[in-house]
Amino acid sequence: MTLLGQATPLYMALISFAAGVLLFVLGERRQRARIVVNLVAAALNLILVVLAIQAVRGGAEFLWRMPLLPRLDLVLRLDALSLLFSTLSATLWLVTTIYAIGYLERSPQRARFFGFFSLCVASTMGITTAGNLFTFYVFYEMLTLATWPLVVHRGTPDSLAGGRAYLCYTLFGSALFLAGLVWLHALTGPQDFIARGVVLSDFPGDPTAHRIIFLLMLAGLGVKAALVPLHGWLPRAMVAPAPVSALLHAVAVVKAGAFGIVRLVYDVYGSEYVHALGMADVLAAWAATTIIYGSLLALRQDNLKKRLAYSTVSQVSYIALGTALAGPIGTVGGLVHLVHQGLLKITLFFCAGNYAEMLGVKKIVDLDGVGRHMPWTSSAFTLGALGMIGLPPMAGFISKWYLGVGALTVGQPWVVAVLIASTLLNAAYFLPLLQRMWFAKEPEAFPQAKQMALSTRLALVGPPVVTALLALLAGVLAGFELSPLGWVKGLVAERYE
Amino acid sequence: MNGVLGITLLLPLIGILALLSPRLRRPALILSPLPLIVCAVAEAEIAVFPRSLLGSSFAIDELNRPLLLLAGIGWCVSGWCAGALVHHRRGSFSLLWLLTLAGQVTALLSADLATFYLGYVLMTVASYGLVVHERTAAAYHAGRVYMALALFGEALILTGLLSLGFQYGNLHFAGFASQPQPGAASVLLVVGFAVKLGIVPLHFWLPLAHPVAPAPASAVLSGVLVKAGLLGMMRFVPAHSLGPIELWLGLGLFSAAYGVVLGLLQSRLKTTLAYSTISQMGLAFMGFAAVQAGAAAPAALGLFVLHHGLNKISLFLAAGHRGSHRAGQLWFLLSAAALAGLPLTSGMLAKTALKSALGKVDADAWLLGLSLSSALTTTLLLHAFNLARAQTKGRDTPHPAWVVSSLAGLLVPWAWLSWHQVSVKLSVVTVLDALWPALLGAVVYGALKRPLAHSPHKVPDGDILFVVERAAARAWSMRRYFPRRFRMLRPPHLERLLTAERIKGVELAFSRTSVLGLLLLSLLLGLWLSKF
């Protein structure tokens, strides 16, 4: 506490921001300096988060407030929920940075890439630590803009089209969110996030207005969280380089939407009020539709990354589904999936990138026999896929267990049916990949097998192995207090007495 | 906790590490399952690890003891045999073998929902690799069918487990059996586990998957793995929660008869043996139904499972040998006689125990059915013996592991009986009761031998599978009637709405004076209206 001031959450965002600026200044040529800046910033951030976790467990509070306009403050704060997400972001940022250094070896425009990459993380840190809806919105928009150059990084017509789709969707969502934000602000004045929500009934405005505001903001967040039919940008944005897709799907953009939904339900409206308004059922039905629809479309894809993208559409809605369940157990399931899905999905995208980069394998039919060729990557992929299906002892099982039991506790058995259907669909689109990898006959030659230096190989293969092991440990050691599950249980207890 | 549990659980994983050195491969396969035997005779105990998974616990109790013994002996002899019978891809075979073993051990020893499910899933998924080991088209097909049905079962099991977890939490499940529980969850669990047992009509993966695997793998699949389903039922389905017992008894008996009839129509040894497993598991399922209704002690069922598993392993190991060897024929006949329940064999013991259990259900018809099924088993095994003698491929002299398993099948159930005091009354009547079905079966076989020999292989592998596959194909072809995407859920093409031309058009429209005037007017109107 003495070491870290009240402005700790600000530093967390600033470190990445400064790194981004520094990377732009350093320019394209100074590769070694760039690597050092990248790694040092990522490591510093992680250290800061770890220190903050210790301090918060010890009962410390971090709150940094800056008046921006009259009655409009920029508030950054660290609570258990923001620490959950910032730990995930900081950890995966470090891992992804290492991966990206290996992946983008000898490709042009690296300064631009890493600069925006850092800005993207800075905005994510801002989103996690935002202490009110306005601050959240500021960083949410910053994220939209910082991510676009990453999506179109390759500059091909394909990626430009993908980036265009991305911007159109997200800006449309932002407009909706802003409308809701302004309306709510007009009703209640400035309000910080507060566990169990602001008591909206104390303020002017009838429940219908509250419902409309909720739907506006939900739709705004739903664009990034890829709720059907607002998901169209996500599969098209997978033209981005693999590290970007990995970060996009696991931490940054999609998760920002899901995290926003969590904040909106628990810390703005309050779970009970959302139920009283009948909006929880809307959210649950919406999430359930997305889960099934995303999985069905994933089945139809023959491109590996596209299949993974649709799988994200489906899996991220687990979080929304858990949020919509009234009881504490379902909430645990949803929130813990925020972390679990991140670990699992980043593993899968890293692996997909490795197959494309090392062997030129992009289509599912070309996956035959890659297991023997790239055993480490394929083992990581296998763990990730089994976790996505939700098989123990992977982390995905823990999420599913809590979601299912939570749904039964609040008397909504149909959710179990959705979970089981999703499990079967996940199995239907992941197991054939594993079968091809490990049991199919190896082809004469892979599309574009490349020879790589050992260090590059390590940078590419190490990250997925690490994240896969983390996902395994998050499941096997779920009972520990510092596991994602333990942490989420603590913060949920705060929201349900 | 004492160390035995820990060593038993960890040894398969240590074995996997040992695979890094090819020289340690054989010892790893043989030694990894051995601690299971120690567990089977160790003191009853429970070990709890609250921090792992959802809180894991492991236990040795009267329910899993016979299975522990069976798994210990079965995996050990099969692993020993695998060293001699498996020639290709030994590395990957050993890895999948040990992974399956690790799953099996976890499932057998676990004492909470999540850990049991972990073991069960690991076992199921890893054994896929054993099924497709030969990498032939038939193997892939069998693997696909196996996986599809297994996943179907898994989904039902998970649903059932979730509802148990909702009611009791994920705790040690010794208490379940006495708790009331909604019938729906019980039925889901029973049907889910019945897939593993191969109860008709969920049996058709079994005659496909067991024969295509290498002989030692078939042995553990048919001898040990299927029994995990039975343990699941015993663990999670409490007494009197399934409704009318006759339904389940009937299902079991039907499976028993169905397996024999279909098995007789097969002309390959392993397929015939797989059908025999279906038939025998039908009997075990009847035993489970009796335990369910409170009529029998689980120990009787345990004895039956032990007896069937050991003898079936021996028969499947025989399938890896050539049929011309005299001693080999003798060992085959010994195991077959035991399985058919000839007097003074372990089969007589097991069936007597099962009968005394069913006797309490008070229906002579079931007893008669059981005796007739013994007769049918004799017929089927004689058919199998005929096929075994005609085997032309495989090892010549009997592998010592096979001899050991055959002897174990004969002797271990007796030892088990004397140690556990399962109430089996042995008398002249029992012996006669065992004798007449066997004679009847032999007579039937004599009558059928000629017609069977002249019409080989009329039934396709997996009998009713082709119906299912045709239905699936038809359902798949129906998809052309569905739109490529559900129109309602099509993502709006926002970016197409915002093309430069269109924006320019909107811009132009706004620049017209008439439009501006209208806008201004409506704004004024709005302001004026807001005053009221």
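For the numbers below, each heavy atom of this structure counts, side chains included, while hydrogens, waters and symmetry mates do not. Letters A, B, ... are given to chains in the order of the sequence lines, protein chains preceding strands, and every chain is numbered from 1.
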As an exercise: rank [options] by heavy-atom pairs under 4.5 Å with chain B and give me the winner.
| options | result |
| --- | --- |
| A:L477, A:V416, A:T409, A:L485 | A:T409 |
| A:A474, A:P413, A:G475 | A:G475 |
| A:A417, A:G404, A:P393 | A:P393 |

Item checked: Toward chain B, the part of A:F397 with a non-hydrogen atom under 4.5 Å ->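 Looking at A:F397, just its side chain touches chain B.
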Check: Which residues in residues 118-133 of chain B have any heavy atom lying under 4.5 Å from a heavy atom of chain A?
Finding: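 Only B:L118, B:V121, B:V125, B:Y128, B:G129, B:V132 of residues 118-133 of chain B have a heavy atom under 4.5 Å from chain A.
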Notebook entry, point to check: How about A:H231 and A:Y293: are their ring centroids closer than 6.0 Å?
Noted result: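 Ring-ring flag for A:H231/A:Y293: true, centres closer than 6.0 Å.
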Next item on the list: May I ask you to check whether B:F116 and B:F236 place their ring centres under 6.0 Å from each other?
Entry: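 They qualify: ring centres under 6.0 Å apart.
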Check: For the candidates B:Y140, B:F152, B:F166, B:Y117, which exhibits the highest count of non-hydrogen atom pairs separated by less than 4.5 Å from chain A?
Finding: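 Most heavy-atom pairs under 4.5 Å with chain A: B:F166.
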Which side-chain N or O atoms in residues 221-228 of chain A pair as donor and acceptor under 3.5 Å with protein atoms at least two apart or in another chain?
residue: A:K224; atom: NZ; partner: A:Y140; partner atom: O; Å: 3.3
residue: A:K224; atom: NZ; partner: A:T144; partner atom: OG1; Å: 2.7

Note to self: Regarding A:T382 and A:W438, do their side chains bring together a donor and an acceptor under 3.5 Å, going by distance alone?
What the structure shows: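 Yes, side-chain donor-acceptor contact under 3.5 Å.
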Item checked: Option passing side chain to side chain contact (heavy atoms under 4.5 Å, CB included) with B:L158 (candidates A:I420, A:L391, A:L419) ->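 The side chain to side chain contact (heavy atoms under 4.5 Å, CB included) with B:L158 is passed solely by A:I420 among A:I420, A:L391, A:L419.
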Check: What pairs with A:T331 under side-chain hydrogen bond (donor to acceptor under 3.5 Å, both in side chains), at least two apart in sequence or on another chain?
Finding: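 Here the qualifying residues are A:Y266, A:Y496.
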Next item on the list: To the nearest 0.5 Å, tell me how far B:I157 CD1 sits from B:L151 CG.
Entry: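 Reported to 0.5 Å precision, the distance equals 10.5 Å.
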Checklist line | Which residues share a ring pair (Phe, Tyr, Trp, His ring centres under 6.0 Å) with B:H210, sequence neighbours left out | finding: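 With neighbours one apart ignored, the set is B:W205.
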